[in-house]
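Scroll down for the structure; my scribbles are underneath it.
Please read these numbers as outputs of a predicted model, since none were measured by experiment.
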Amino acid sequence: MRPAIRSALEYAAELTRRNRLVDALAVGEAAINQATDDEQPEIRQWLTDHVHDFTGEDAH
C-alpha cells in the first residue's frame, strides 16, 4: 500500500478516537477509493490488524 494511503488510514483512526467519526469516514473512504485493486487486500488486512487504533482499546 502506498504511504499516502497508510497515512490517511492512520489519520482516520486518530479522528475516530477523537469522536470525529464523520471526518474519519470521509478521510478513510477517500483513501480507499484512491487505492488500486492490488492494494485492496492489503488495506483490508491493515484494517483488521489495526482495529485497536480506531477504538483506542487493547486487543486483549
**Prompt:** Do Asp53 and Arg17 have side-chain heavy atoms sitting under 4.5 Å apart?
**Reply:** yes
**Prompt:** So, do Phe54 and Leu47 sit near enough that their side-chain heavy atoms are less than 4.5 Å apart?
**Reply:** yes
**Message:** I'd like to know if the side chain of Thr16 and the backbone of Ala12 have a donor-acceptor N/O pair within less than 3.5 Å.
**Reply:** yes
**Message:** Between Arg2 and Glu42, does any side-chain N to carboxylate O distance fall below 4.0 Å?
**Reply:** no
**Asked** Distance-only, no hydrogens or angles: does the Glu39 side chain make a donor-acceptor pair with backbone N or O of Thr36 under 3.5 Å?
**Response** yes
**Request:** For the pair Leu9 and Met1, evaluate side-chain contact (heavy atoms from CB on, under 4.5 Å) and give the outcome as yes or no after the intermediate values.
**Result:** CA-CA 11 Å; Leu9 294 175; Met1 149 180 24; 3.9 Å; yes
**Request:** Could you tell me which non-hydrogen atom of Gln45 sits nearest to which non-hydrogen atom of Asp49, and how far apart they are?
**Result:** NE2-OD1, 2.7 Å
**Request:** Would you give the length of the straight line joining atom CG of Asp23 to atom CD of Glu14, rounded to the nearest 0.5 angstrom?
**Result:** 11.5 Å
**Asked** Any idea which heavy atoms bring Ala8 and Val27 closest together, and the distance?
**Response** O-CG1, 3.3 Å
**Asked** Salt bridge check: are Arg6 and Glu10 linked by an N-O gap of less than 4.0 Å?
**Response** no
**Prompt:** Side-chain contact, heavy-atom cut-off 4.5 Å: Ile32 with Gln40?
**Reply:** yes
